[in-house]
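Note on naming: letters A, B, ... go to the chains in the order of the sequence lines (proteins, then strands), and numbering restarts at 1 for each one.
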There are 2 protein chains.
Amino acid sequence: MNQVAKKKLLTAEDWQEGALNVIAHQGVSKVAIEPLAKELGVTKGSFYWHFSNREDLVKQALNRWREKDKELINEKILPVKNPKERLLAWFKLSAEPIQTHLIYSTLLADRSDNIISKILKEVTLERLSYLQDSYLQMGYDTAQAKSQSLMAYSVYVGFLHMSKTLYGSLPDSRDAEEYAQYVAKQLIP
Amino acid sequence: MNQVAKKKLLTAEDWQEGALNVIAHQGVSKVAIEPLAKELGVTKGSFYWHFSNREDLVKQALNRWREKDKELINEKILPVKNPKERLLAWFKLSAEPIQTHLIYSTLLADRSDNIISKILKEVTLERLSYLQDSYLQMGYDTAQAKSQSLMAYSVYVGFLHMSKTLYGSLPDSRDAEEYAQYVAKQLIP
DNA sequence: AAATGTCAATACGCTAGCGTATGGTAATCA
DNA sequence: TGATTACCATACGCTAGCGTATTGACATTT
């Protein structure tokens with residue numbers, strides 16, 4: 001509840017992280033300044049020092065999310081040289097119950113602003129591109145690689161929602177592992 | 001803007017339909033009484049005659065959606081006797097840009113109330129069950145049919161979001177057609 | 001014709017949340 | 001040490017939207 005007990009002063013990053021947590025679990029529309037301030041142990045006065053308004057916060061928070069997501073891929077996926085292994089790694093990662101997936105799935109239906117749509121599109125296209133690359137490197141022609149990566153990515157998106165819908169949250173790591181392996185067997189020849 | 005120019009009196013169904021339209025395009029959280037009243041050409045006085053409060057409207061609207069969705073399936077999918085043909089019909093239907101899909105994909109990330117989660121789960125389980133039946137009738141064993149239907153349904157959910165997210169970027173109607181055929185080939189042996 | 005029922009308009013109070021204005025405090029700098 | 005800076009608190013006004021209370025206008029029944 002009060003994760004900044006020792007730290008006296010807040011940074012813009014603290015606010016961004018707080019916003020991302022709300023987005024992950026309740027959606028962008030639930031990002032409210034005063035409740036967030038309470039949670040961080042300060043008042044609005046702090047907020048309007050760091051940000052010009054609510055939209056500013058949302059924008060910065062989503063950009064932060066995009067950067068963190070990119071770093072994750074750069075560290076865990078792209079270094080895998082073998083394309084088949086790389087796809088496997090991606091499927092495994094995509095089934096892990098981490099914040100970036102929660103945020104992504106929440107944004108997918110919460111398109112209240114153009115900010116959201118824009119970032120969502122950019123992130124999706126970028127993710128699709130490295131999936132497609134992997135399939136291309138496995139010998140698919142362009143059209144096949146396009147369709148196949150689109151389908152694989154759809155399975156990922158669908159999985160996020162299904163697990164939320166059917167279990168109330170993302171499944172535990174054992175179930176996720178099992179599912180990832182099954183899907184991988186179907187989608188990686 | 002004013003679709004009830006001739007009709008003087010509103011019914012509860014009119015309000016439910018209005019709510020469903022908002023849900024389909026903006027999400028449940030955007031369902032507001034006064035704006036909806038304006039759109040329907042009346043005031044709040046009408047609303048509180050037909051419903052006890054906002055939650056009441058949302059609940060009734062979502063139940064209405066579920067019934068309409070069930071009717072659609074009963075009419076267009078279940079009558080197809082051949083299981084392979086039935087799956088094909090379902091994939092075709094699932095790619096059509098009709099309201100029921102819009103609502104479904106919106107609900108998927110807009111889980112503000114328990115009402116939504118409950119209905120969403122019910123609808124999803126029901127849809128999965130007739131998908132699973134089709135695969136069973138095609139000779140899959142229970143575990144396979146379960147996993148396969150889950151994956152097929154994930155592709156459906158993913159497709160809904162992808163087309164929304166990438167609109168204007170990737171899929172023109174020719175690509176969409178190509179993709180649909182590709183997916184069907186992968187998911188229906 | 002009177003009474004009742006059905007549906008809607010209007011006026012009101014209430015709350016949550018946004019954004020502004022101003023003041024305060026502790027640290028740092030000149 | 002006085003002044004400035006960085007950060008936060010407090011108080012205020014404003015709007016959207018919820019829900020209630022009351023009244024009004026037809027339509028139907030008696």
Side-chain angles (χ1 to χ4, degrees), chain A residues 1-23 25-62 64 106 110-116, chain B residues 1-23 25-62 64 106 110-116:
Chain A
M1 187 162 284
N2 194 345
Q3 66 208 31
V4 286
K6 301 163 194 170
K7 203 173 171 187
K8 272 177 206 158
L9 298 183
L10 293 181
T11 66
E13 283 76 29
D14 294 324
W15 283 96
Q16 291 164 14
E17 284 298 326
L20 286 181
N21 269 325
V22 174
I23 291 173
H25 296 97
Q26 299 168 269
V28 177
S29 59
K30 292 288 166 55
V31 174
I33 297 167
E34 279 145 322
L36 235 174
K38 202 172 210 173
E39 202 174 319
L40 293 174
V42 292
T43 66
K44 295 200 300 186
S46 169
F47 177 85
Y48 285 100
W49 172 258
H50 294 288
F51 303 90
S52 58
N53 52 30
R54 183 185 173 279
E55 183 180 337
D56 188 26
L57 169 64
V58 171
K59 207 180 273 180
Q60 289 192 34
L62 291 182
R64 182 182 181 79
T106 303
D110 193 356
R111 298 169 157 80
S112 29
D113 314 307
N114 287 340
I115 319 163
I116 301 179
Chain B
M1 187 165 286
N2 194 346
Q3 66 208 31
V4 287
K6 301 162 193 169
K7 202 174 173 186
K8 270 175 205 158
L9 298 184
L10 293 182
T11 65
E13 283 76 30
D14 293 325
W15 283 95
Q16 291 164 15
E17 285 298 326
L20 286 182
N21 269 325
V22 175
I23 292 173
H25 297 98
Q26 299 168 268
V28 177
S29 58
K30 293 288 166 55
V31 174
I33 297 167
E34 279 145 322
L36 235 175
K38 202 172 207 171
E39 200 174 319
L40 293 173
V42 292
T43 66
K44 295 202 298 186
S46 168
F47 176 84
Y48 285 99
W49 172 258
H50 294 289
F51 304 90
S52 57
N53 52 31
R54 182 185 173 279
E55 184 181 336
D56 188 26
L57 169 65
V58 171
K59 207 180 273 181
Q60 289 192 34
L62 290 183
R64 182 180 179 82
T106 302
D110 193 357
R111 297 168 159 80
S112 30
D113 314 306
N114 287 338
I115 319 163
I116 301 178

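- Using a 4.0 Å heavy-atom distance criterion, B:Tyr48 is classed as a base contact.
- The shortest heavy-atom contact between A:Val42 and A:Trp15 is CG2-CZ2, 3.7 Å.
- Residues B:Phe47 and B:Leu36 are not in side-chain contact: their nearest non-hydrogen atoms beyond the backbone lie 4.5 Å or more apart.
- Nearest-nucleotide positions on DNA chain C for A:Glu34 and A:Gly45 put A:Glu34 closer to the 5' end.
- The outermost nucleotides of DNA chain D lying under 4.0 Å from heavy atoms of chain B, listed 5' to 3', are D:dG17 to D:dT20.
- Closest approach of B:Leu9 and B:Asp14 over heavy atoms only: O-OD2, 4.2 Å.
- The residue among A:Trp49 and B:Val31 whose nearest nucleotide of DNA chain D lies closer to the 5′ end is A:Trp49.
- Side-chain atoms of B:His50 come within 3.5 Å of backbone atoms of B:Leu10 as a donor-acceptor pair (strictly under, hydrogens ignored).
- The closest side-chain donor-acceptor pair between A:Gln60 and A:Asp56 falls under 3.5 angstrom.
- Applying the 6.0 Å contact sphere to CD of B:Glu13 captures more than 12 heavy atoms from other residues, nucleotides or ligands.
- In this structure, A:Phe47 places its CZ atom 11 Å from P of C:dT20, rounding to the nearest Å.
- Whole-Å rounding puts the B:Lys44 NZ to C:dA9 P distance at 13 Å.
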